[in-house]
S.K.: 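Input: one structure, supplied below.
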Amino acid sequence: RSFEDRRTFYGLYAHDAWTPVRALTISGGGRWDATREKLHAVGQEVGFDAEVSDDSRKDSAWSGDLAALVRLLPESGAGPLGALNVYGNWKSSFKPAAPNLTEAEDAHILDPVRTHSLEGGVKGEAFAGQLSFEAAAFQLDFLNLVVGNLNQDGDPELLNAGHERFKGFEASATFAPAALPGLRLTGGWAHHDPRFVQFTYLNEEGQLRNVAGKQVELAPREMWNARASYTGPHGLGAWVAGRHQSERPLSRRNVAWTPGFVEVDAGLTFATKPATISVTGRNLGDSRHY
């Protein structure tokens, strides 16, 4: 069994950022890619004729991005708010698919992957830097994403997965009160909605499956994290953290699910000038599922 996969990639790229006034920064750029790939695969089992596959393709496409950052507060800040920025960006990208080196009779070059994304959010800090926060909403579309599958012989294969859409909201904050030096509290939350928009494939039994509208397997929809840490004046510190993931589908058809879990970690640290000693306990509740 042998494979020879030669890929040549050319690109032209330009990007720039412009700040006409302090309150506004605009950035953007473009990239033109040209790819050429040639695949030759040979496989032979004892007592059978050799299987030979040859494939080649050329692709070229534009990618680009455009973003804007707006600073809503003057440089000195206003009241309790020290900074408040809003931003938005659009991105489009092109990437040749991963080499599909499976059995020689099935070796072929997959379609390139395209992505299109939109994101917007706000970032800021308040109370002389004691509080920082961020919130964002996004949507990311994949076209021809490469995924794994089992063919009718039960062997793994790679294929293009049509159209997927990942969208959601995320927020996080950090609080470090000046009245309690060494104390730091952080937290975050995310709501994701990863779904197949259009995807049909053949399962192991040769049946055509349509999973349009189904949640992408192994992807949770709700997640949160929280952490508290304290470092004393003499180098002794402690921290505790928790993470949560909601239930996740184990299959593309969403017929089986694994339950959500909360994972708790904790630790102690001691820092001196020559060394730092730390003791960490992971998943102390033993609740993390496969």
S.K.: With rounding to the nearest 0.5 angstrom, report the CZ to NE2 distance, Phe142 to His163.
M.R.: 10.0 Å
S.K.: Please answer: with hydrophobic residues joined when any side-chain heavy atoms are less than 4.5 Å apart, are Ile26 and Val86 in the same cluster?
M.R.: yes
S.K.: Please report the closest heavy-atom contact between Phe166 and Pro194, naming both atoms and the distance.
M.R.: CD2-CB, 3.4 Å
S.K.: For the residue pair Tyr13 and His15, categorise the inter-ring angle as parallel (less than 30°), tilted (30 to 60°) or perpendicular (more than 60°).
M.R.: parallel
S.K.: Near Phe169 CZ, under 6.0 Å, is it more than 12 heavy atoms from other residues, nucleotides or ligands?
M.R.: no
S.K.: Check Arg221, Glu170, Glu222, Lys167 against His192 for a side-chain hydrogen bond (donor to acceptor under 3.5 Å, both in side chains) and give me the one that passes.
M.R.: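 Going through Arg221, Glu170, Glu222, Lys167 one by one, the side-chain hydrogen bond (donor to acceptor under 3.5 Å, both in side chains) with His192 is satisfied by Glu170 alone.
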S.K.: Nearest 0.5 Å, please: how far is CG in Leu72 from CG in Leu84?
M.R.: 5.0 Å
S.K.: Given Tyr10 and Arg36, is the side-chain contact (heavy atoms from CB on, under 4.5 Å) satisfied, shown in steps?
M.R.: CA-CA 9 Å; Tyr10 299 96; Arg36 181 173 58 214; 4.2 Å; yes
S.K.: Does a sphere of radius 6.0 Å around CZ in Arg184 hold more than 12 heavy atoms from other residues, nucleotides or ligands, not counting ones at 6.0 Å or beyond?
M.R.: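 Check fails, neighbour count at 12 or below.
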S.K.: Do Leu118 and Leu66 belong together in a cluster built from hydrophobic side chains that touch within less than 4.5 Å?
M.R.: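 Yes, same cluster.
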S.K.: For Phe196 and Gln215, which heavy atoms make the closest approach, and how far apart are they?
M.R.: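 Where Phe196 meets Gln215 most closely, the heavy atoms are CE1-O, 4.2 Å.
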S.K.: So Leu110 and Leu158, do their side chains get closer than 4.5 Å, heavy atoms only?
M.R.: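 Sidechains of Leu110 and Leu158: in contact.
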S.K.: Working to the nearest 0.5 Å, report the span between OG1 of Thr269 and CD1 of Ile277.
M.R.: 10.0 Å
S.K.: Quick check: does any side chain N or O of Asn210 sit under 3.5 Å from a backbone N or O of Ala212, one acting as donor and the other as acceptor?
M.R.: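 Side chain of Asn210 to backbone of Ala212: a pair is present.
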S.K.: Which distance, rounded to the nearest 0.5 Å, do you find between the CD of Glu125 and the CD of Gln130?
M.R.: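 One gets 10.5 Å once the value is rounded to the nearest 0.5 Å.
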S.K.: If you define the side chain from C-beta out and look only at heavy atoms, does anything of Trp239 sit under 4.5 Å from Leu268?
M.R.: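 With C-beta onward as the side chain, the pair stays apart.
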S.K.: Hey, mind stepping through Thr25 and Thr19 against side chain to side chain donor-acceptor pair (under 3.5 Å) and telling me if it holds?
M.R.: CA-CA 4 Å; Thr25 296; Thr19 304; 2.9 Å; yes
S.K.: Check Asp65 with Arg31, please: is the shortest side-chain N to carboxylate O separation under 4.0 Å?
M.R.: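 Looking at Arg31 and Asp65, the cut-off is not met.
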S.K.: So Ser172 and Glu134, do their side chains get closer than 4.5 Å, heavy atoms only?
M.R.: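 Side-chain contact under 4.5 Å: yes.
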S.K.: Report the C-alpha distance between Ser117 and Phe138 in whole Å, list the side-chain angles of each, state the deciding distance to 0.1 Å, and finish with yes or no for side-chain contact (heavy atoms from CB on, under 4.5 Å).
M.R.: CA-CA 7 Å; Ser117 67; Phe138 68 92; over 6 Å; no
S.K.: Closer than 4.0 angstrom, basic N to acidic O: yes or no for Arg243 and Glu263?
M.R.: yes
S.K.: Report yes if some heavy atom in the side chain of Asp33 is under 4.5 Å from a heavy atom in the side chain of Lys95; otherwise report no.
M.R.: no
S.K.: Just so I know, are the side chains of Lys38 and His40 near enough to count as touching, which here means a heavy-atom distance under 4.5 Å?
M.R.: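 No - every pair of side-chain heavy atoms lies 4.5 Å or more apart.
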S.K.: Does NZ or CZ of Lys123 lie under 6.0 Å from the centre of the six-membered ring of Phe133, at an angle within 45° of the ring axis?
M.R.: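 No, a cation-pi geometry is absent between Lys123 and Phe133.
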S.K.: Set out, in order, the CA-CA distance, both residues' side-chain angles and the distance that settles side-chain contact (heavy atoms from CB on, under 4.5 Å) for Arg71 and Arg22, then state yes or no.
M.R.: CA-CA 8 Å; Arg71 302 170 182 87; Arg22 181 198 169 274; 3.9 Å; yes
S.K.: Decide yes or no for Phe261 and Glu247: does some side-chain heavy atom of the first lie under 4.5 Å from some side-chain heavy atom of the second?
M.R.: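 No - every pair of side-chain heavy atoms lies 4.5 Å or more apart.
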S.K.: Walk me through whether Ser93 and Thr115 qualify under side chain to side chain donor-acceptor pair (under 3.5 Å).
M.R.: CA-CA 5 Å; Ser93 65; Thr115 63; 2.3 Å; yes
S.K.: Provide the closest heavy-atom pair for Ala219 versus Pro249 in the form atom of the first, atom of the second, distance.
M.R.: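 Heavy atoms of Ala219 and Pro249 come nearest at O-CD, 3.8 Å.
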S.K.: Assigning hydrophobic clusters by single linkage (Ile, Leu, Val, Met, Phe, Trp, Tyr; side-chain heavy-atom cutoff under 4.5 Å), is Val147 placed with Tyr201?
M.R.: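 Yes, it is one cluster - the side chains of Val147 and Tyr201 are joined through contacts under 4.5 Å.
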S.K.: Could you measure the distance from the CG atom of Leu208 to the OG1 atom of Thr200? Nearest 0.5 Å is fine.
M.R.: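 With rounding to 0.5 Å, CG (Leu208) is 5.5 Å from OG1 (Thr200).
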S.K.: State, with a plain yes or no, whether a side-chain heavy atom of Leu145 is found less than 4.5 Å away from one of Leu143.
M.R.: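 They are not in contact (no side-chain heavy atoms under 4.5 Å apart), so the answer is no.
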S.K.: Using only atom types and a distance under 3.5 Å, with no angle test, would you say the side chain of Asn160 pairs donor to acceptor with the backbone of Asn144?
M.R.: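 At least one qualifying donor-acceptor pair exists.
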S.K.: If two hydrophobic side chains count as joined below 4.5 Å and joins carry through other members, does Leu185 share a cluster with Tyr230?
M.R.: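 Cluster IDs for Leu185 and Tyr230 match.
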S.K.: Any idea which heavy atoms bring Phe9 and Thr35 closest together, and the distance?
M.R.: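 Heavy atoms of Phe9 and Thr35 come nearest at CD1-CG2, 3.3 Å.
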S.K.: Can you find a pair of side-chain heavy atoms, one from Val122 and one from Asn85, that are under 4.5 Å apart?
M.R.: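 No, too far: nothing below the 4.5 Å cut-off.
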S.K.: Determine, stepwise, if the pair Phe175 / Phe127 fulfils ring pair (Phe, Tyr, Trp, His ring centres under 6.0 Å).
M.R.: CA-CA 10 Å; Phe175 182 53; Phe127 308 112; 7.7 Å; no
S.K.: Of the non-hydrogen atoms in Ile109 and Arg57, which two are nearest, and what is the gap between them?
M.R.: CG2-CD, 3.3 Å
S.K.: Could you check whether Arg195 pairs with Asp193 (Lys NZ or Arg NE/NH1/NH2 to Asp/Glu carboxylate O, under 4.0 Å)?
M.R.: yes
S.K.: Atom CG of Leu218 and atom OG of Ser251: how far apart are they, to the nearest 0.5 Å?
M.R.: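 OG of Ser251 is found 9.5 Å from CG of Leu218.
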S.K.: Any side-chain donor-acceptor pair under 3.5 Å between Arg114 and Ser92?
M.R.: yes
S.K.: Of the non-hydrogen atoms in Arg252 and Val211, which two are nearest, and what is the gap between them?
M.R.: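 Here Arg252 and Val211 meet closest at O-CG1, 3.7 Å.
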S.K.: Under 6.0 Å from the CD atom of Gln139, do we count more than 12 heavy atoms belonging to anything else shown?
M.R.: yes
S.K.: Please check: side-chain N/O of Ser287 versus main-chain N/O of Val262, any donor-acceptor pairing under 3.5 Å?
M.R.: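 Yes, Ser287 side chain to Val262 backbone: donor-acceptor pair under 3.5 Å.
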S.K.: Hydrophobic cluster membership, with links at side-chain heavy-atom distances under 4.5 Å among I/L/V/M/F/W/Y: are Leu140 and Tyr87 in one?
M.R.: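 Looking at the clustering, Tyr87 is in a separate group from Leu140.
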